[in-house]
Each structure stands twice: as structure tokens, then as C-alpha cells.
2 protein chains.
Amino acid sequence: MKAKGRKDEGRLGGDQLERVAHLFKAFAEPTRLAILQELKGGSRTVGEVVTAIGTSQANVSKQLRILREAGVVKHEKQGTSVSCSIADPVVFELCELVCDKINRDLARDTAPLRF
Amino acid sequence: MKAKGRKDEGRLGGDQLERVAHLFKAFAEPTRLAILQELKGGSRTVGEVVTAIGTSQANVSKQLRILREAGVVKHEKQGTSVSCSIADPVVFELCELVCDKINRDLARDTAPLRF
DNA sequence: AATCCATATTCCCATGCAGCGATGAAAGCG
DNA sequence: CGCTTTCATCGCTGCATGGGAATATGGATT
């Protein structure tokens, strides 16, 4: 009967919820979102990302590690530098859904201009 | 020409990135995900959520507030108690995308059993 | 080997925040 | 009016983490 997981109609346990939360957390930071936005334009070296988003190199490296370990960004050694790129197109879908929701809510706030 | 925002091919500024990050942050916590999962089954009072996920009432109230302020959960006074429900179906899409991604990555980790 | 460059890592500090206990506030009910 | 129920809020503590400065690592060039 394969009672593996799935004990309560697909309700997730604590460990799995932590997994999900951990992945969401990768997106829950302006600096990391800025990095993702930069990578949306294609592969960039770490140095290019640093100059693009204007924070310290140490910080970019650290945030890139978080994104990589979340399976969101991919690293590739290319000659002397390291080239980064989006590892999973789900990034775009997630960001689009979230942005659309924000825009909807903003419209709802601003809409009552009707007179 | 409506030059509102949109200064660099749709790249978001710091404030807007913070908005996006803030919304993602609402999902970046196991307790809040457990609450959302419980509400996925329909409206629940605060008390029902408390007994369902097994943490303090104070904590549930606080996390519900965060979810409500993020526009993710809706509160409605019903008699003596407060009924909560999912305010935006985008919740389901987001969670589904994230879960699918995790399952894909897990499969990729477990797959190389080939010999 | 010495050196330069691009990244990664370590140490440190400050902030944020989840969780608990206690208290407050507000609506039903005797 | 008190009393209970239901939920929200406050104060607090411990832990996680974003960010900077300094340092380590590792490849390339000379």
C-alpha cells in the first residue's frame, strides 16, 4: 500500500514544510532578487553581478551561494572567472505570479479614484 | 508616453524589490505554511488553526497577522470567533510550483541509482 | 616562485524575528 | 455586572542572518 508519506491527504510534515520554507526564503531577500533579476538577462560573472547591483563582493558571493544551494542558480567555471545563470525557469514563473499579485493589490488600493 | 516606472527595461528598484521580498517572506516560514495548508481545507477559526498545528495561540495570531498583511489570508468576524481563509488563490499556484521544483530536485538526487 | 586577478570564506556586528508567557480587549452569557 | 470565551498585543529571549572588512584560495601570467 505504499504508506510512504501522504498520511493525511497530502498534508506535509514538519521536515517537508521546512524544505518548502527554505526554498521560499531564497526569494525573500531584495539583494538576492536583484541578483536573479540581473541573471534574467543571461549569464553573468560574479564580478559583473557585483558591479551591476552595487554591494560588496563578499555579500554577492554569499547570496549566490544561497541561491545555488537552493537549486535556483547554477555556477560554471569559465576560464578565470565564474559564470552564473538561472538554473530553473521556475524562477520566472514564481516572480511573475508574485509581481502580478502585488500589482493587483496595488490596483485595488489605488482604484477607488472613481467619482 | 507614460514614463511611469519602467526606467530600465522593467528592472525593479529597491523599493519594489523589497515589496516582492516581503511577499515571498510570508511563505518563508514553516509555521505560516502549516497555517496555509490548514486553510487550504476551507475556512477555520483561529482556535481551530491553533489546535490543528499545535503551537501557541499567541504565535498563531502573530503569524496570521503577517499573512493577512501580505494579502494572503482574509479575516472575518463570525459571532464570537474569527474565521480565516485564503484571500488569493495565487497561494496554491505558488506552493504547487515550489513543491514541484523540490520534487524534481529530489528525484534528480535519488535518480542516479542506475548501475 | 612571485604576483595579480576573481571568488570564496571567516570573523564580527547589528537587526529581525519566531516563539513563549502574561496581559489586554471585546463579545456572548449567567 | 461579573465570568467565560476568543482573539490580539506586549515584553522578552534566543537564534538566524544580512552586511562589511579582512583574509584565504586558486588559477593564470610572467
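Just so we're on the same page: letters track the sequence lines, and every chain starts at 1.
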Exercise for review: Go through A:Ile86 and A:Leu36 one step at a time and tell me if the side chain to side chain contact (heavy atoms under 4.5 Å, CB included) criterion holds.
Suggested key: CA-CA 7 Å; A:Ile86 304 285; A:Leu36 290 177; 3.8 Å; yes
**Study point:** Side-chain heavy atoms of B:Gln37 within contact of A:Leu17, under 4.5 Å
**Key:**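 The answer is yes, as the side chains (C-beta and beyond) meet within the 4.5 Å cut-off.
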Point to revise | Qualifying salt bridge (charged side-chain N to carboxylate O under 4.0 Å, His left out) pairs, either residue in residues 67-86 of chain A, two or more places apart | key: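 Checked against salt bridge (charged side-chain N to carboxylate O under 4.0 Å, His left out) - neighbours excluded - the pairs reaching residues 67-86 of chain A are A:Arg65-A:Glu69.
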Review point. How would you list all residue pairs meeting salt bridge (charged side-chain N to carboxylate O under 4.0 Å, His left out) that involve residues 13-28 of chain B, not counting sequence neighbours?
Key: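 Passing the test, one end in residues 13-28 of chain B: no pairs.
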Check your understanding: Who are the side chain to side chain donor-acceptor pair (under 3.5 Å) partners of A:Lys101, not counting sequence neighbours?
Key ->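 Scan of A:Lys101 (side chain to side chain donor-acceptor pair (under 3.5 Å), adjacent residues dropped) gives A:Asp105, B:Asp88.
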Check your understanding: Of all residues at least two apart in sequence or in a different chain, which pass the side chain to side chain donor-acceptor pair (under 3.5 Å) check with B:Glu38?
Key ->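 A:Arg11, B:Arg44.
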Minimum heavy-atom distance between [X] and [Y], given as atom pair plus value:
X: B:Leu23; Y: A:Ile102; value: CD2-CG1, 3.8 Å
X: A:Leu67; Y: A:Ala26; value: CD2-O, 3.8 Å
X: B:Val72; Y: B:Phe27; value: CG2-CZ, 3.9 Å

Exercise for review: Check each residue of residues 63-74 of chain B for a non-hydrogen atom within less than 4.0 Å of any atom in DNA chain C, then write out the ones that pass by number, or none.
Suggested key: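 Within residues 63-74 of chain B, the residues near DNA chain C are B:Gln63, B:Ile66.
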Practice item. Could you identify which residues of residues 22-55 of chain B place a heavy atom less than 4.0 Å from some atom of DNA chain C, listed by residue number, or say none? Key: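 Under 4.0 Å from DNA chain C: B:Glu29, B:Thr31, B:Arg32, B:Thr55.
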Practice item. Verify the contact: side-chain N or O of A:His75 to OP1 or OP2 of C:dA8, cut-off strictly under 4.0 Å; return yes or no. Key: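 For A:His75, the contact criterion (side-chain N or O under 4.0 Å from OP1 or OP2 of C:dA8) is met.
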Using the side-chain contact (heavy atoms from CB on, under 4.5 Å) criterion, which residues pair with [X]? Sequence neighbours excluded.
X: B:Thr51; answer: none
X: B:Leu64; answer: B:Ile35, B:Val46, B:Val60, B:Val73, B:His75, B:Cys84
X: A:Ser43; answer: A:Ser83, A:Ser85
X: B:Ser61; answer: B:Gln57

Review point. Does a distance-only test, which skips hydrogens and angles, find a donor-acceptor pair under 3.5 Å between the side chain of A:Gln57 and the base of C:dA6?
Key: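 Between C:dA6 and A:Gln57, which were checked side chain against base, a qualifying N/O pair under 3.5 Å is absent.
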Review point. Between which nucleotides of DNA chain D, read 5' to 3', does contact with chain B run, using atoms under 4.0 Å from its heavy atoms?
Key: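 That gives a stretch of D:dT6 to D:dT9.
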Point to revise | Those residues of residues 76-85 of chain A lying under 4.0 Å from DNA chain D by at least one heavy atom | key: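 Heavy-atom contacts with DNA chain D come from no residue of residues 76-85 of chain A; none.
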